[in-house]
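Each remark here refers to the structure printed beneath this line.
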Amino acid sequence: PDRVRAVAAALATLDEPTLRARADLGAMARADVYPGIWDEDDVVDTYLLPYLDELRSFYADAAAAGEAVIQAIV
C-alpha cells in the first residue's frame, strides 16, 4: 500500500506536457518494452495519453482503499 500511494501521488502530478517531455520512446524501443510499439509516430496520442486518466484513477482508488496492486504481463 505504501508503494501504491507513492505511485498515485506521482501520477497525480503527471500531466500531458510532462508525459510528452519525459517519454523516451527510443529508449523504450531499445529496451524492448512491451508492447513494442514505441517506433510508431502517434504512440503517445493513441496509446499513452488515452490511458493516463484511467491509470491515475485506478491507483488513486487503490491508494485511498489502502490496497496493494499486483502487476503482471503475460
Side-chain angles (χ1 to χ4, degrees):
D2 290 339
R3 290 182 183 172
V4 171
R5 282 189 291 275
V7 170
L11 287 171
T13 65
L14 183 60
D15 58 10
E16 180 180 339
T18 304
L19 178 63
R20 286 184 187 283
R22 291 184 180 175
D24 187 341
L25 304 179
M28 293 172 75
R30 288 188 299 279
D32 199 25
V33 173
Y34 177 86
I37 59 173
W38 311 114
D39 59 345
E40 296 178 13
D41 292 334
D42 61 349
V43 69
V44 172
D45 292 318
T46 61
Y47 190 76
L48 294 179
L49 286 175
Y51 296 107
L52 179 58
D53 286 336
E54 186 175 335
L55 186 65
R56 186 183 290 125
S57 295
F58 174 81
Y59 270 92
D61 291 346
E67 298 289 339
V69 171
I70 298 173
Q71 298 173 337
I73 298 176
V74 182

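Just so it is clear, the values below take in all heavy atoms, side chains as well, and ignore hydrogens, waters and symmetry mates. Values in this document were obtained by computation on a predicted structure and should not be read as measured data.
- Residue pairs meeting the salt bridge (charged side-chain N to carboxylate O under 4.0 Å, His left out) criterion with at least one partner in residues 22-37, sequence neighbours excluded, do not occur; the list is empty.
- Shown here are the side-chain hydrogen bond (donor to acceptor under 3.5 Å, both in side chains) partners of Asp45, two or more places apart in sequence or in another chain: Arg20.
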Quiz: residues 46-53 side-chain donor-acceptor pairs under 3.5 angstrom, not counting sequence neighbours:
residue, atom, partner, partner atom, Å
Thr46, OG1, Asp42, O, 2.9
Asp53, OD1, Arg56, NH1, 2.7

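- Of all the heavy atoms in Pro1 and Gly66, the pair that sits closest is CG-O, 3.4 Å.
- Applying the side-chain hydrogen bond (donor to acceptor under 3.5 Å, both in side chains) test to residues at least two apart or on different chains, none of the pairs has a partner in residues 60-70.
- Residues meeting the side-chain hydrogen bond (donor to acceptor under 3.5 Å, both in side chains) test with Asp2, sequence neighbours left out: Arg5.
- Remark: Val69 pairs with Val4, Phe58, Tyr59, Ala62, Gln71 by the side-chain contact (heavy atoms from CB on, under 4.5 Å) rule, at least two apart or across chains.
- Looking at residues two or more places apart in sequence or on another chain, you find no side-chain hydrogen bond (donor to acceptor under 3.5 Å, both in side chains) involving Thr13.
- In this structure Asp41 satisfies the side-chain hydrogen bond (donor to acceptor under 3.5 Å, both in side chains) test with no other residue, sequence neighbours excluded.
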